[in-house]
Amino acid sequence: MSVRDELRRNMPLFPIGIVTKLTELSPRQIRYYEQQGLIRPERTKGNQRLFSFNDVDRLLQIKSYLEKGLNLAGVREMFKQNQQVLEAKREVERVKKELTERELRRMLKQQIIHPNRPGQIPLTHGEMSRFFRH
DNA sequence: GTTCTCACA
DNA sequence: TGTGAGTA
């Protein structure tokens with residue numbers, strides 16, 4: 001998902017009346033979930049809540065968890081764990097990418113030092129391009 | 001008309 | 001969690 005899409009998804013757009021129709025949650029429930037720290041909708045200058053697409057998605061997630069028998073503490077725990085899983089995945093990807101770059105740099109160095117060496121695996125333009133400005 | 005906060009005969 | 005009061 002692009003940065004622009006991410007910005008769109010976080011835009012404060014919907015007043016609570018729209019969100020109640022989107023989620024079939026009562027205003028009371030939505031405000032209570034906010035009070036419990038499960039969502040953080042933006043506010044207008046007049047102190048009215050404005051919800052983003054992400055807020056709506058999160059509310060639907062909350063509703064889904066509640067319907068599966070969790071209480072709010074359970075929902076909070078699920079969110080926390082989900083975030084930890086996401087962070088762990090990002091870390092794995094970061095390390096994998098780091099190793100890949102290191103390996104490519106080593107191959108590039110070998111190719112420069114020993115051009116046309118027998119058995120040398122030529123780096124493709126695609127791989128090389130990672131080391132130059134676009 | 002909608003939303004906000006607060007309180008509960 | 002619902003609902004009504006009194007506001008903004």
Side-chain angles (χ1 to χ4, degrees):
Chain A
M1 190 180 298
S2 74
V3 178
R4 290 174 61 188
D5 291 337
E6 193 60 40
L7 285 176
R8 277 192 246 283
R9 294 191 60 76
N10 281 318
M11 283 184 178
L13 300 173
F14 315 113
I16 198 167
I18 301 296
V19 179
T20 59
K21 292 176 181 173
L22 253 29
T23 63
E24 292 182 294
L25 292 166
S26 69
R28 177 75 165 89
Q29 287 176 300
I30 295 171
R31 295 184 185 116
Y32 183 61
Y33 300 157
E34 177 187 13
Q35 188 184 341
Q36 296 306 306
L38 269 40
I39 51 171
R40 287 185 16 165
E42 209 65 51
R43 296 281 183 144
T44 67
K45 294 182 180 179
N47 198 36
Q48 297 198 350
R49 275 167 265 252
L50 281 184
F51 299 79
S52 66
F53 281 111
N54 279 336
D55 290 326
V56 174
D57 285 343
R58 199 164 169 85
L59 284 168
L60 290 173
Q61 268 289 300
I62 295 171
K63 188 181 177 187
S64 168
Y65 285 138
L66 292 177
E67 287 169 349
K68 288 175 181 172
L70 294 183
N71 55 25
L72 289 191
V75 174
R76 212 189 327 269
E77 198 57 34
M78 290 295 287
F79 283 154
K80 194 203 302 178
Q81 288 189 25
N82 286 347
Q83 182 174 341
Q84 287 176 350
V85 168
L86 275 183
E87 288 173 0
K89 284 184 177 178
R90 288 203 182 97
E91 178 64 6
V92 167
E93 287 307 309
R94 190 186 68 74
V95 172
K96 279 167 70 176
K97 183 180 179 186
E98 189 177 288
L99 289 176
T100 300
E101 303 236 346
R102 188 178 302 163
E103 185 67 10
L104 280 172
R105 286 177 191 284
R106 192 184 64 77
M107 293 173 69
L108 180 59
K109 189 176 175 183
Q110 287 300 311
Q111 181 151 311
I112 292 174
I113 297 176
H114 305 292
N116 304 320
R117 194 184 198 181
Q120 174 109 31
I121 302 171
L123 292 170
T124 68
H125 285 12
E127 288 165 336
M128 300 278 286
S129 71
R130 299 178 59 183
F131 301 107
F132 298 95
R133 289 200 182 88
H134 289 171

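Order of the sequence lines sets the chain letters (A, B, ...), proteins ahead of strands, with each chain counted from 1.
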J.: Using a 6.0 Å distance limit plus a 45 degree cone around the ring axis, check whether A:Arg58 lies over the aromatic ring of A:Phe79.
T.: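 So A:Arg58 does make the cation-pi contact.
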J.: Report the C-alpha distance between A:Tyr33 and A:Gln36 in whole Å, list the side-chain angles of each, state the deciding distance to 0.1 Å, and finish with yes or no for side-chain contact (heavy atoms from CB on, under 4.5 Å).
T.: CA-CA 5 Å; A:Tyr33 300 157; A:Gln36 296 306 306; 5.6 Å; no
J.: For DNA chain C, produce a single dot-bracket line, 5' to 3'. Pairs: Watson-Crick or G-U wobble, both distances under 3.5 Å. Symbols: ( ) within strand, [ ] crossing, | other strand, . unpaired.
T.: .|||||.|
J.: Would you mind reading off the distance between A:Arg31 atom CZ and C:dT3 atom C1', rounded to a whole angstrom?
T.: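 Value for this atom pair: 12 Å.
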J.: Just how far is it from atom CD1 of A:Ile62 to atom CG of A:Leu38, taken to the nearest 0.5 Å?
T.: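 Result: 4.0 Å between the selected atoms.
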J.: Considering only side-chain heavy atoms of A:Ser26, which listed nucleotide, C:dG2, B:dT5, B:dT3, is closest?
T.: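 The closest nucleotide is C:dG2.
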J.: Quick check for you: among C:dG2, B:dT5, B:dT3, whose closest atom lies nearest to any side-chain atom of A:Pro15?
T.: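 Nearest listed nucleotide: B:dT3.
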J.: What does A:Arg49 touch in the nucleic acid at a heavy-atom separation under 4.0 angstrom: a base, only the sugar-phosphate, or nothing?
T.: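 Result for A:Arg49 = sugar-phosphate.
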J.: How many Å lie between CD1 on A:Ile62 and P on C:dT1, as a whole number?
T.: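 Rounding to the nearest Å, CD1 of A:Ile62 and P of C:dT1 are 10 Å apart.
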J.: Measure CD1/A:Ile18 against P/B:dT3 and give the value in whole Å, please.
T.: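 Value for this atom pair: 8 Å.
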J.: May I have the distance from A:Gln29 (atom CD) to C:dT3 (atom P), rounded to whole angstrom?
T.: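 That distance rounds to 11 Å.
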J.: Atom CD of A:Glu34 to atom C1' of C:dT1: distance rounded to whole Å?
T.: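 Between C1' of C:dT1 and CD of A:Glu34: 17 Å.
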J.: Can you tell me how far C1' of C:dT1 sits from CD1 of A:Ile30, to the nearest Å?
T.: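 For the pair A:Ile30 CD1 and C:dT1 C1', the rounded distance is 13 Å.
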J.: Whole angstrom is fine here: how far is it from CD in A:Gln35 over to C1' in B:dC4?
T.: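 My rounded result for the distance is 13 Å.
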J.: Touch check for A:Gly46, heavy atoms < 4.0 angstrom, all strands: base, sugar-phosphate only, or nothing?
T.: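 Contact class for A:Gly46: none.
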J.: Could you work out which one of B:dT5, C:dG2, B:dT2 sits closest to the side chain of A:Gln48?
T.: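 Closest nucleotide among those given: B:dT2.
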J.: Between A:Arg28 (CZ) and B:dC8 (C1'), how many Å, whole number?
T.: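 The answer, rounded to whole Å, is 11 Å.
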